[in-house]
Visitor: 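First the structure, which I've put down as structure tokens, then a few questions once you've had a look.
Each chain gets a letter, A, B and so on, in the order its sequence line appears, and its residues count up from 1.
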There are 2 protein chains.
Amino acid sequence: MKVDSAFSHHNHHQCQTSAVEQARQLCEKNGVRFTKLREQLFTLIWQSHKPVTAYKLLDQIKGSDFSATPPTVYRTLDFLLDQGLIHRINSLNAFIGCCQPGKRHTGTFMICEQCDHALEVDNTNILNAIQKVSHQHNFQVKNYITEIYGFCPQCQSEKDNSEVQS
Amino acid sequence: MKVDSAFSHHNHHQCQTSAVEQARQLCEKNGVRFTKLREQLFTLIWQSHKPVTAYKLLDQIKGSDFSATPPTVYRTLDFLLDQGLIHRINSLNAFIGCCQPGKRHTGTFMICEQCDHALEVDNTNILNAIQKVSHQHNFQVKNYITEIYGFCPQCQSEKDNSEVQS
DNA sequence: AAATAAATGTTATAGTATTACATTATCTCT
DNA sequence: AGAGATAATGTAATACTATAACATTTATTT
């Protein structure tokens, strides 16, 4: 995926397809099963770059072969989280596909408050800063997440336009 | 409050009392009311350095003069959040007193997975890193939160001890 | 094919948060 | 001080998010 795809026009169908294929390969490599249910939910999560809630996914699998109940969805989400194939955006109670599965997880997201799209950024500066401050406090880091809220480039310019017009 | 108090023994009663007094003054300065209900809930939040959930607070105001229903608590929490007197730890659905009300909010927390205590750290390195990466992506930052999970100094040494004994 | 383990189905419930409207308390202005 | 406006709190209902416990089915191993 191109670096800033989440915030710009791109061939998302290809984006989605390659993510699914990558997930399949990663599961095979890790000796875990990428079942039909897991594939279907993972594909749904990758339908856009907007984080999606468990219950939205639940609605979307109604009518499919699968039992549309919360445990079905949550178990599958847990699996995908464990495999590092998706992330959870805590402030939104929502899930989003991971852009660099297999690579080290950085857990940094820029979330647009206007269009709800989220971009995962792989940033060593933030990681370094976190490790430094943790070390200063003698805190043993296991994991972290940084959620940055604001406006993406596109929504900024749209706001500017509407402000001019008003 | 001393810098690392959340993770070490300290006179917490004084910690709590001064937080309440500081909140009262800040509200007066900002022309908003620090009512009895707000004071009571704020005090409860400051009873420890563990983030506390809304429903735990709800339990604790049962028997008081106030209506122990969710809106009572959530409205008050919203007020305290708006005033920058508390923070919400998204991953825990829990709230914690702000250690530097009035000062610029950094939104960085180290959360111990063993004892559940959380320490708010005011760190320019993280802020700088966030601003840098946002600027790189032409993203307009409004707010952010960094939640760092791991083990605090005390729980690390306790773990070490128990490992030796086993 | 039997035994085992993994995945999914099913029912119930726990935990978190908001909406909408009623009532009470406080503030402002004359 | 009293009327009107505003802010705060009370109340009832409901929406949203997540997990527990146990049953059944499917896949893997031998």
Visitor: Using a heavy-atom distance cut-off of less than 4.0 Å, which residues of residues 68-81 of chain A contact DNA chain C?
Guide: A/Thr69, A/Pro71, A/Thr72, A/Arg75

Visitor: Calculate the interatomic distance between B/Leu37 atom CG and C/dT26 atom C1'; express it in whole Å.
Guide: 15 Å

Visitor: How close or far is atom P of D/dA15 from atom CG of A/Asn93, stated in whole angstroms?
Guide: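 Rounded to whole Å, this separation is 18 Å.
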
Visitor: Rounded to whole Å, how long is the line connecting atom CZ of B/Phe66 with atom P of C/dA25?
Guide: 12 Å

Visitor: Specify the residues of residues 26-36 of chain A, ordered by number, for which at least one heavy atom lies under 4.0 angstrom from an atom of DNA chain C.
Guide: A/Arg33, A/Thr35

Visitor: Among residues two or more places apart or on two chains, list those pairs meeting salt bridge (Lys or Arg N to Asp or Glu O under 4.0 Å) that have a residue in residues 63-77 of chain B.
Guide: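 Found none.
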
Visitor: Measure the CD1-CG distance between A/Ile86 and A/Leu80 for me, rounded to the nearest 0.5 Å.
Guide: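 CG of A/Leu80 is found 4.5 Å from CD1 of A/Ile86.
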
Visitor: Can you sort out the partners of A/His12 under ring-ring contact (aromatic ring centres under 6.0 Å, His included), two or more places apart, ordered by chain and number?
Guide: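 So A/His12 forms a ring-ring contact (aromatic ring centres under 6.0 Å, His included) with A/His10, A/His49.
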
Visitor: For A/Ala94, what residues pass the side-chain contact (heavy atoms from CB on, under 4.5 Å) criterion, not counting sequence neighbours?
Guide: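 In terms of side-chain contact (heavy atoms from CB on, under 4.5 Å), with neighbours along the sequence ignored, A/Ala94 is linked to A/Pro51, A/Thr53, A/Leu92.
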
Visitor: Quick one: salt bridge (Lys or Arg N to Asp or Glu O under 4.0 Å) pairs with a partner in residues 16-31 of chain A, sequence neighbours left out?
Guide: A/Glu21-A/Arg24, A/Arg24-A/Glu39

Visitor: Could you pull out all residues at least two apart from A/Asp59 that satisfy side-chain contact (heavy atoms from CB on, under 4.5 Å)?
Guide: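 Scan of A/Asp59 (side-chain contact (heavy atoms from CB on, under 4.5 Å), adjacent residues dropped) gives A/Lys62.
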
Visitor: How many whole angstroms separate atom OH of A/Tyr55 from atom P of C/dG15?
Guide: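 Atom-to-atom, A/Tyr55 to C/dG15, this comes out as 14 Å.
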
Visitor: To the nearest Å, how far apart are B/Lys56 NZ and C/dA14 C1'?
Guide: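 These atoms are roughly 11 Å apart.
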
Visitor: Can you measure A/Arg38 atom CZ to C/dG9 atom C1' for me and round it to whole angstrom units?
Guide: 15 Å

Visitor: Please give, in whole Å, the distance from C/dG9 P to A/Leu58 CG?
Guide: 12 Å

Visitor: As a test of understanding, state which of B/Phe109, B/Tyr144, B/Phe95 forms a ring-ring contact (aromatic ring centres under 6.0 Å, His included) with B/His87.
Guide: B/Phe109

Visitor: Suppose we screen for side-chain contact (heavy atoms from CB on, under 4.5 Å). Which residues come up paired with B/Asn93, at least two apart in sequence or across chains?
Guide: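 Only B/Arg88 meet the side-chain contact (heavy atoms from CB on, under 4.5 Å) criterion with B/Asn93.
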
Visitor: Rounding to an integer number of Å, can you tell me how far A/Leu92 CG sits from C/dT16 P?
Guide: 18 Å

Visitor: Report the residue (B/Asp65 or A/Phe95) whose heavy-atom-nearest nucleotide on DNA chain D is the more 5′ of the two.
Guide: B/Asp65

Visitor: If the condition is side-chain contact (heavy atoms from CB on, under 4.5 Å), which residues does B/Ser134 pass it with, not counting sequence neighbours?
Guide: A/Met110, A/Ile148, B/Ile130, B/Phe139, B/Val141

